[in-house]
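Atom set for the values below is all heavy atoms of this structure, side chains included, hydrogens, waters and symmetry mates excluded. Chain letters run A, B, ... following the sequence lines, proteins first and then strands; every chain starts at 1.
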Protein chains: 2
Amino acid sequence: MPRVVNEEENALKRAEILDAAQSLIYVKGYEQMSIQDILDELQISKGAFYHYYDSKPSLLEALIDRMLEQVMRLVLPIIQDPHEPALSKIQKFFTSVGTWKTARKDFLMGFVRSWYSDKNALLRQKMTARMLHVSGPWLAAIVRQGIDEGVFDTPYPDQIGAVTFGMVQSLGELIGDWALAPQPAPVQAKRIVDTIAAYNHVLERLLGAPSGSIVMMQPDVIEAWFGISAKDPPGESNVAESTGESQRGV
Amino acid sequence: MPRVVNEEENALKRAEILDAAQSLIYVKGYEQMSIQDILDELQISKGAFYHYYDSKPSLLEALIDRMLEQVMRLVLPIIQDPHEPALSKIQKFFTSVGTWKTARKDFLMGFVRSWYSDKNALLRQKMTARMLHVSGPWLAAIVRQGIDEGVFDTPYPDQIGAVTFGMVQSLGELIGDWALAPQPAPVQAKRIVDTIAAYNHVLERLLGAPSGSIVMMQPDVIEAWFGISAKDPPGESNVAESTGESQRGV
DNA sequence: GTAAAACAAACCGACGGTCGGTTTTTCAAC
DNA sequence: GTTGAAAAACCGACCGTCGGTTTGTTTTAC
């Protein structure tokens with residue numbers, strides 16, 4: 001790594017390359033994006049690129065660092081606020097991470113599609129691992145706070161943070177899966193609403209929180225994301241989780 | 001895809017190539033494994049390889065199909081047994097999938113390390129998605145059976161299968177993470193035992209199963225895998241989920 | 001015998017990365 | 001302010017390897 005003279009301009013250029021890489025990865029995926037794509041996009045030479053980044057993998061690491069930093073900048077103020085009740089923290093955590101405040105629907109769906117597609121498996125795995133490491137302890141702290149406040153009840157406060165994170169991720173994967181393989185709208189709508197309701201319920205159970213106290217995805221968010229309303233009851237004889245074929249040779 | 005004359009020999013050769021690819025992927029990872037590696041291993045020509053497989057991605061698909069088939073051959077008899085109680089099915093499902101019956105410890109740990117490492121992110125993502133699709137409906141059926149038998153209690157029987165799968169996967173990722181970044185033995189041992197206990201408890205809660213009825217990982221398996229005994233109580237002031245650094249710039 | 005399957009290997013463009021060289025910037029000496 | 005040299009910034013030809021194609025040869029089946 002060369003000594004840097006003008007720190008500021010250097011960081012700017014690195015960010016510029018990262019921006020190009022990010023949008024290219026968003027469209028093509030990490031492996032499918034070539035260094036040449038970046039060079040073409042920014043009209044720079046190969047020498048220039050390799051002056052700022054050692055290799056393609058190191059570029060990915062830098063991107064993950066930046067994405068994690070952005071997420072944390074969003075989440076930290078919520079999580080670390082000493083005056084906020086635990087239940088409210090959990091709520092806001094899901095809301096902010098799940099929707100990234102306010103974003104265009106088409107952009108969000110495009111992002112979800114890209115994020116959960118095979119072409120970005122590595123990026124997602126690396127990012128997830130990093131987020132688990134940083135959010136685990138904080139989530140545990142919130143759980144303990146909730147127990148103190150009498151809203152949560154679990155014998156495993158230290159472990160439940162990681163479990164919760166796993167649940168959220170699991171829901172994200174399901175939604176990503178649906179976004180990738182779109183179903184007919186009516187089937188889709190009911191399944192999404194039911195599944196989100198199920199996750200809310202499960203999350204309450206595992207945290208030992210009062211029924212109805214946790215809403216991972218607000219109705220207006222569901223409405224915005226999927227264009228459907230979320231006011232139907234669970235319904236016991238729904239589409240029976242028919243994932244296309246329920247039986248095949250495998 | 002060429003027409004096949006001798007179906008049997010053709011399948012044998014395809015399997016042979018798949019075997020080589022599997023062990024190479026196990027060691028090097030999918031992306032890092034080159035077609036040439038396979039050719040060298042089997043002493044065949046490029047023409048031969050591309051006679052049996054269209055491309056590298058199609059080779060991966062074939063591998064995933066075979067792996068899924070192997071898992072299903074193990075799990076199906078358990079899950080579809082009409083005389084087996086739901087609780088016992090769940091139990092046996094975890095036991096068989098989690099340990100693959102009886103396997104050498106070093107092999108299993110090596111497999112876990114490889115499976116959850118970055119180098120096989122794509123394989124794992126594809127395999128996980130496939131398994132979610134096939135196991136979701138079956139798990140839902142078991143949950144409904146359990147409700148009928150009075151051992152489970154949940155308002156979301158159809159969704160809970162996918163949630164359960166997500167939980168199991170989440171635990172696997174945690175364990176994989178630990179296997180990849182080994183900690184000092186004492187810290188490791190307590191964390192593993194506590195976390196598995198937490199997952200058992202959470203699973204009971206989300207299924208509405210009686211306390212102590214679900215054991216995802218038997219003590220002897222934990223013993224075999226990690227070389228530690230699983231008889232300590234949860235313990236409220238354990239290592240406090242210290243993931244190395246609990247605070248840093250990010 | 002002949003057509004297709006099974007294999008062999010030379011060959012191709014694209015890839016990530018390197019390297020020697022050129023231009024621009026920085027900063028101290030005058 | 002000018003100058004000069006060192007370092008940073010940048011350029012693009014080049015390299016080895018990759019996945020994949022093509023052309024050609026041998027083997028097998030009927």
Using a 3.5 Å cut-off and no angle test, enumerate the donor-acceptor pairs between side-chain atoms of residues 160-170 of chain A and protein atoms at least two apart in sequence or in another chain.
{"unit_1": "A:T164", "atom_1": "OG1", "unit_2": "A:I160", "atom_2": "O", "d": "2.7"}
{"unit_1": "A:Q169", "atom_1": "NE2", "unit_2": "A:E173", "atom_2": "OE2", "d": "3.2"}
{"unit_1": "A:S170", "atom_1": "OG", "unit_2": "A:Y199", "atom_2": "OH", "d": "2.6"}

Is the charged tip of A:K56 near the ring of A:F49: under 6.0 Å from the six-membered ring centre and within 45° of its axis?
no
Short side-chain N/O contact to [N] OP1/OP2 from [X], under 4.0 Å:
X     : N      : value
A:N10 : D:dA8  : no
A:Y52 : D:dA8  : no
A:H51 : D:dC10 : no

In whole angstrom, what separates [X]'s [atom1] from [N]'s [atom2]?
X     : N      : atom1 : atom2 : value
A:R14 : D:dA9  : CZ    : C1'   : 14 Å
A:I17 : D:dC10 : CD1   : C1'   : 11 Å
A:Q43 : D:dG12 : CD    : C1'   : 14 Å
A:L39 : C:dA14 : CG    : P     : 15 Å

A:K13, nearest nucleotide to its side chain (from D:dC10, C:dC7, C:dA8):
D:dC10
How would you list, by chain and number, every residue that makes a side-chain hydrogen bond (donor to acceptor under 3.5 Å, both in side chains) with [X], sequence neighbours excluded?
X     : result
A:Q22 : A:R66
B:S34 : B:D37
B:E16 : none

Pairs where residues 113-123 of chain A contributes a residue and the test salt bridge (Lys or Arg N to Asp or Glu O under 4.0 Å) is met, not counting sequence neighbours:
A:D118-B:K126
Would you tabulate the nitrogen or oxygen pairs shorter than 3.5 Å linking the protein to nucleotides 19-21 of chain D?
{"unit_1": "D:dG19", "atom_1": "OP1", "unit_2": "B:M33", "atom_2": "O", "d": "3.2"}
{"unit_1": "D:dG19", "atom_1": "OP1", "unit_2": "B:K56", "atom_2": "NZ", "d": "3.0"}
{"unit_1": "D:dG19", "atom_1": "OP2", "unit_2": "B:I35", "atom_2": "N", "d": "2.8"}
{"unit_1": "D:dG19", "atom_1": "N7", "unit_2": "B:K46", "atom_2": "NZ", "d": "3.2"}
{"unit_1": "D:dG20", "atom_1": "OP2", "unit_2": "B:Y50", "atom_2": "OH", "d": "3.0"}
{"unit_1": "D:dG20", "atom_1": "OP2", "unit_2": "B:K56", "atom_2": "N", "d": "2.7"}
{"unit_1": "D:dG20", "atom_1": "N7", "unit_2": "B:K46", "atom_2": "NZ", "d": "3.3"}
{"unit_1": "D:dG20", "atom_1": "O6", "unit_2": "B:K46", "atom_2": "NZ", "d": "2.6"}

